[in-house]
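Since the structure comes first, as structure tokens, the remarks are kept for the end.
All figures in this text were calculated on a predicted structure; none of them were measured in a lab.
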Amino acid sequence: MGNETAKPLILIVDDMPDVAGPLSMMLEMNGYDVKLAVDGQEALRFARERFPDLAICDVVLPAMMGWELCQKLKSMSAPNHLPVIMLTAKATELDEVRSYEASADDHFTKPPDIKALLVAIERLLKTYAK
């Protein structure tokens with residue numbers, strides 16, 4: 001019964017500490033629990049232990065591209081829907097299209113507009129609440 005007050009868990013997957021650290025702090029200050037992973041394998045291991053409410057993934061990661069990770073996290077969450085936001089320095093229209101083709105729910109270019117990112121997170125969490 002006590003889960004009504006649990007903070008949503010957001011998994012950030014990014015191998016760049018100068019991106020992941022400030023993003024993590026900003027999310028925690030806005031009332032979220034945050035788990036950091038530096039690559040897809042670490043993210044998948046964590047998701048097997050405690051599945052996140054939302055994931056924010058970089059596109060360029062060691063060993064596995066973020067688009068592949070997005071698809072794996074989505075299949076792990078089925079039949080439920082795990083919202084995934086791609087956050088990347090790759091700013092071309094093709095990169096954004098590839099994010100949506102990989103079933104991402106949103107796509108932001110680094111550095112993200114923090115207000116817009118928070119709005120997207122809140123929208124996705126409300127839309128796909130467990």
Side-chain angles (χ1 to χ4, degrees):
M1 285 295 279
N3 280 355
E4 289 82 18
T5 58
K7 295 179 187 177
L9 176 63
I10 298 179
L11 174 62
I12 298 173
V13 189
D14 198 311
D15 60 328
M16 302 297 286
D18 58 330
V19 172
L23 180 58
S24 174
M25 286 177 35
M26 183 273 303
L27 291 172
E28 287 171 348
M29 288 180 356
N30 280 278
Y32 298 103
D33 279 338
V34 177
K35 174 68 178 170
L36 298 174
V38 297
D39 62 35
Q41 296 303 331
E42 185 179 15
L44 293 171
R45 271 194 308 277
F46 176 77
R48 284 186 205 101
E49 295 167 16
R50 180 172 173 213
F51 211 79
D53 297 295
L54 183 139
I56 299 174
C57 300
D58 188 10
V59 169
V60 180
L61 294 168
M64 176 189 313
M65 292 295 281
W67 295 309
E68 181 183 353
L69 174 60
C70 176
Q71 291 174 318
K72 288 183 180 206
L73 287 170
K74 295 266 187 187
S75 67
M76 283 176 69
S77 71
N80 296 321
H81 181 88
L82 171 70
V84 176
I85 296 173
M86 301 306 294
L87 179 63
T88 180
K90 295 171 116 347
T92 71
E93 189 176 315
L94 180 59
D95 292 316
E96 188 170 351
V97 168
R98 284 202 58 197
S99 291
Y100 293 120
E101 287 176 347
S103 301
D105 296 277
D106 215 330
H107 178 99
F108 283 82
T109 302
K110 293 179 185 176
D113 176 307
I114 295 302
K115 286 184 181 177
L117 181 60
L118 286 170
V119 167
I121 289 168
E122 195 60 34
R123 173 182 50 83
L124 290 168
L125 288 173
K126 283 181 182 165
T127 302
Y128 299 108
K130 293 178 188 170

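- To the nearest 0.5 Å, the span separating CD1 on I10 from CD1 on I121 amounts to 4.5 Å.
- The line from CG of L73 to CD of E68 is 10.5 Å long, rounded to the nearest 0.5 Å.
- The shortest distance between side-chain heavy atoms of M64 and D39 does not fall below 4.5 Å.
- Atom CG in L82 sits 8.0 Å away from atom SG in C70 (nearest 0.5 Å).
- Transitive grouping of hydrophobic side chains (ILVMFWY, heavy atoms separated by less than 4.5 Å) brings M76 and M65 into a common cluster.
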Donor-acceptor pairs under 3.5 Å, side chain of residues 12-30 to any protein atom, not counting sequence neighbours: which ones?
unit_1	atom_1	unit_2	atom_2	d
D14	OD1	M16	N	2.8
D14	OD2	K110	NZ	2.8
N30	ND2	M26	O	2.8

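- Taking 4.5 Å as the limit, every side-chain heavy atom of S103 sits out of range of all side-chain heavy atoms of V84.
- Screening T88, L87, L69, I85 for a side-chain contact (heavy atoms from CB on, under 4.5 Å) involving C57 leaves a single residue, L69.
- Contact of the Y100 side chain with the M86 side chain is not registered, since no non-hydrogen atoms from C-beta on lie closer than 4.5 Å.
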For residues 44-52, which side-chain donor-acceptor pairs fall under 3.5 Å, sequence neighbours excluded?
none

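- D105 is listed as a side-chain neighbour of Y128, based on a closest heavy-atom distance under 4.5 Å.
- The CD atom of E122 sits 11.5 Å away from the CG atom of L117 when rounded to the nearest 0.5 Å.
- The heavy-atom pair separating L61 from G40 by the smallest distance is CD1-N, 4.4 Å.
- Taking each heavy atom of P8 and D53 in turn, the nearest pair found is CA-OD2, 3.2 Å.
- V119 and L54 are members of different hydrophobic clusters when ILVMFWY side chains are connected at heavy-atom separations under 4.5 Å.
- Atom CD of residue E101 and atom CD of residue Q71 lie 9.5 Å apart, to the nearest 0.5 angstrom.
- With values rounded to the nearest 0.5 angstrom, I56 atom CD1 is found 9.0 Å from Y32 atom OH.
- For D95 and T92, the side-chain atoms include at least one donor-acceptor pair closer than 3.5 Å.
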